[in-house]
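Report on the structure given below.
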Amino acid sequence: MNNEDLFKKVVSHCKEYGFVFPSSEIYDGLSAVYDYGQNGVELRNNIRQYWWKAMTQLQSNILGLDAAIFMHPKTWKASGHIDGFSDPMIDNKDSKKRYRADVLLEEHQEKLSAKAHKEVEKARARFGDSFDEAMYRTTNTRVVEYLNAIAHIDNTLKEGLETGNLGMIKALIEELGIVCPVSGTKNWTDVRQFNLMYSTNMSAVESGEENLYLRPETAQGIFVNFINVQKSGRTKIPFGIAQTGKVFRNEIVARQFIMRMKEFEQMELQFFCKPGSELEWYAYWKEQRLKWHLALGTEKNSYRYHDHVKLAHYANAAVDIEFNFPFGFKEVEGIHSRTDFDLSKHEEFSGKKLRYFDPETNESYIPYVVETSIGLDRMFLLTLCAAYQEEAVDGGEVRTVLKLHPALAPVKAAILPLVKKDGLPEMAEKIYNDLRFDFKLYIEDKDSIGKRYRRMDAIGTPFCITIDHDSIANEDVTIRYRDTMEQRRVKVSELRDILFKETGMSALLQKLACI
Ligand code: GAP
């Protein structure tokens with residue numbers, strides 16, 4: 001299966017098996033907005049819970065917070081979102097379609113990079129073992145041309161955005177001959193900045209004074225509560241505040257399913273530390289966050305770090321954790337050393353002191369902050385892409401199986417009476433009723449056992465528990481393992497322990513603590 005096929009299959013699997021639906025689909029949907037179905041909501045809750053427990057339960061110096069989505073409008077002035085949280089947009093006059101100018105340029109760069117890669121691979125095949133790729137990349141005229149063109153785009157885009165000279169960016173799009181994918185023409189408008197925040201108003205009457213914004217990140221709720229949490233939690237620096245919640249961005253370019261949405265959820269940590277110690281903590285969190293991903297069993301080489309060369313003016317280090325999605329390596333999480341930028345700005349705009357008094361040194365200072373920020377929906381997509389498999393099984397049949405980590409699986413076990421008679425459904429019901437207080441289960445007596453196994457494989461249920469005629473006499477059942485399809489006989493009295501050990505969040509957290 002090639003990557004394009006894999007992605008299409010994951011998207012249609014999501015709909016068919018109740019993971020993700022287009023929002024308000026009966027009205028033809030809403031661009032870049034999605035709803036989570038019966039299995040999606042469970043998987044998403046489990047991912048969130050894994051993050052939450054890894055932060056607030058495994059780390060004694062991290063406290064949780066749930067700030068409101070609405071915040072005082074000054075928050076966004078202080079954070080720089082009103083003036084700076086925008087994308088450069090360009091419209092094609094013929095198709096009337098709007099694009100992000102930087103995305104058009106990035107796509108052009110990807111094409112150049114693919115061409116360079118093709119040249120390198122051709123040369124590798126020609127020269128065999130003696131091929132020196134690094135040397136080839138710096139000496140082959142065609143490859144050098146492509147790489148220079150990529151660098152030229154980077155530099156011009158950076159200069160245009162930093163100096164506000166959007167004319168430069170339009171000129172670059174024209175110079176490169178980029179056409180509208182819909183009309184095929186180069187009939188472009190000027191490039192304009194377009195703020196990504198949604199606004200609404202607090203009062204019933206639109207006065208213009210009480211313009212509110214739907215938060216575009218959860219981080220600011222943490223900054224404005226820094227003193228509240230620190231004082232009420234009697235915490236000492238270094239410590240962190242963790243928060244998960246919905247955020248909203250008017251993303252014009254909706255792409256790749258739930259990868260880029262207008263309403264999505266973030267899981268963010270702001271870690272407050274002493275100025276001067278921030279780069280040590282940055283290194284710690286960079287490593288720690290990758291461990292969190294790897295504890296789920298995802299292949300290590302599916303991940304890579306992408307260190308930022310161009311840093312935002314307030315950051316002194318930044319890295320993305322990227323995952324190899326079917327459409328290439330893309331950011332799933334960002335780790336930023338944000339200095340004291342946010343707290344200083346809120347101090348300036350609110351007039352309130354946002355300082356920490358260090359009892360050991362008798363000093364008062366604005367802490368530095370290391371942020372880790374991951375999109376829950378992007379993590380959800382990553383999880384499904386990594387888990388989706390089609391496997392040939394006996395008889396030439398192909399089974400679709402989601403090899404999800406058991407702690408993330410929407411349903412932990414299916415209770416399946418082999419037939420609908422002879423007291424088997426009653427015994428299944430009894431087991432279900434006994435275990436439902438601890439686990440999300442599924443019980444079904446329709447269809448052949450083979451069909452029921454396949455349906456459970458398709459939603460990633462780690463265990464199928466089958467009740468047959470011997471079960472009644474022996475008080476035992478067959479337990480089938482999703483990944484290996486192995487079956488073994490166990491006593492009914494053992495089920496709770498098996499499910500706790502194999503599907504509980506604690507085993508996953510223990511693994512995380514050990515790697
Ligand atoms: N407080 C920092 C911050 O918001 P960001 O890079 O804009 O940083 C963090 O967002 C994470 O949120 C990203 O790494 C990504 O996983 C997720 N994310 C960002 N925009 C998104 C969108 N439109 N749809 C889905 N997830 C998104």
Side-chain angles (χ1 to χ4, degrees), residues 1-23 29 31-37 39-40 43-44 46-47 99-100 102-104 106-118 120-121 181 251 253-262 264-265 289-290 292-306 319-334 374-392 398-405 408-410 457-460 482-483:
M1 186 168 23
N2 67 35
N3 281 341
E4 204 176 311
D5 280 351
L6 168 66
F7 189 52
K8 280 193 193 143
K9 284 185 173 175
V10 168
V11 174
S12 66
H13 194 84
C14 277
K15 175 140 189 246
E16 192 180 343
Y17 287 94
F19 283 92
V20 183
F21 305 128
S23 159
S31 159
V33 185
Y34 292 90
D35 299 338
Y36 287 86
N39 290 315
L43 171 59
R44 203 161 169 275
N46 292 339
I47 298 174
Y99 301 93
R100 266 178 63 176
D102 54 336
V103 171
L104 285 179
E106 274 169 23
E107 284 171 352
H108 191 79
Q109 281 180 313
E110 275 163 25
K111 285 185 194 152
L112 293 170
S113 167
K115 284 182 182 171
H117 180 72
K118 208 168 156 192
V120 170
E121 289 312 306
E251 300 276 5
V253 187
R255 285 195 308 178
Q256 287 140 346
F257 191 40
I258 54 172
M259 190 72 188
R260 193 167 290 284
M261 302 158 91
K262 294 187 183 216
F264 60 101
E265 188 162 334
R289 291 304 304 147
L290 186 59
W292 182 87
H293 287 268
L294 296 179
L296 288 168
T298 317
E299 268 184 45
K300 195 169 182 196
N301 58 11
S302 298
Y303 283 98
R304 72 179 185 197
Y305 287 122
H306 171 74
V319 64
D320 292 335
I321 295 180
E322 294 187 337
F323 176 75
N324 195 7
F325 286 95
F327 37 83
F329 273 99
K330 298 281 173 214
E331 171 188 347
V332 65
E333 171 154 11
I374 175 167
L376 174 55
D377 310 85
R378 223 172 258 193
M379 185 61 204
F380 180 102
L381 182 59
L382 178 165
T383 306
L384 283 178
C385 291
Y388 185 95
Q389 292 193 16
E390 289 177 2
E391 280 180 358
V398 172
R399 72 162 184 157
T400 300
V401 52
L402 291 186
K403 293 194 172 172
L404 296 169
H405 189 288
L408 299 189
D457 287 343
I459 63 165
R482 175 197 68 199
D483 296 351

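Note that the numbering runs from 1 along the sequence shown for the chain.
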Does the [X] side chain pair with the main chain of [Y], one donor and one acceptor, at a distance under 3.5 Å?
| X | Y | answer |
| --- | --- | --- |
| N46 | A409 | yes |
| R378 | E331 | yes |
| R482 | G460 | yes |

Could you measure the distance from the [atom1] atom of [X] to the [atom2] atom of [Y]? Nearest 0.5 Å is fine.
| X | Y | atom1 | atom2 | result |
| --- | --- | --- | --- | --- |
| I374 | D377 | CD1 | CG | 10.5 Å |
| K262 | S23 | NZ | OG | 11.5 Å |
| Y17 | L402 | OH | CG | 9.0 Å |
| Y303 | T298 | OH | OG1 | 4.5 Å |
| D102 | E107 | CG | CD | 10.0 Å |
| N324 | S302 | CG | OG | 6.0 Å |

Please give me the minimum heavy-atom distance between [X] and [Y], naming the atom from each residue.
| X | Y | value |
| --- | --- | --- |
| H13 | F19 | O-CD1, 4.4 Å |
| K15 | P22 | CD-CD, 4.2 Å |
| L404 | A387 | CD2-CB, 3.7 Å |
| Y34 | F257 | CE1-O, 3.6 Å |
| T400 | E390 | OG1-CG, 4.0 Å |
| F21 | G37 | CE1-CA, 3.6 Å |

Mind checking whether [X] and [Y] have side chains closer than 4.5 Å, heavy atoms only?
| X | Y | value |
| --- | --- | --- |
| Y305 | D320 | no |
| M379 | H293 | yes |
| L381 | C14 | no |

Worksheet item: Residues two or more places apart in sequence or in another chain: which of them pass side chain to side chain donor-acceptor pair (under 3.5 Å) with R399?
Response: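 Applying side chain to side chain donor-acceptor pair (under 3.5 Å) to R399 gives E391, D457.
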
Worksheet item: Where do H306 and F329 land on the side chain to side chain contact (heavy atoms under 4.5 Å, CB included) test, with the steps shown first?
Response: CA-CA 10 Å; H306 171 74; F329 273 99; over 6 Å; no

Discussion item. Less than 4.0 angstrom from a charged side-chain N to a carboxylate O is my criterion; do K330 and E110 meet it?
Written reply: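 Answer for the salt bridge query: yes.
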
Discussion item. Name the residue from V20, L408, I459 that meets the side chain to side chain contact (heavy atoms under 4.5 Å, CB included) definition with L43.
Written reply: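 Single pass found, and it is L408.
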
Item to complete: Taking the six-membered ring for Trp and the single ring otherwise, decide whether the centroids of F325 and F7 are under 6.0 Å apart.
Response: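 That pair fails the under 6.0 Å test.
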
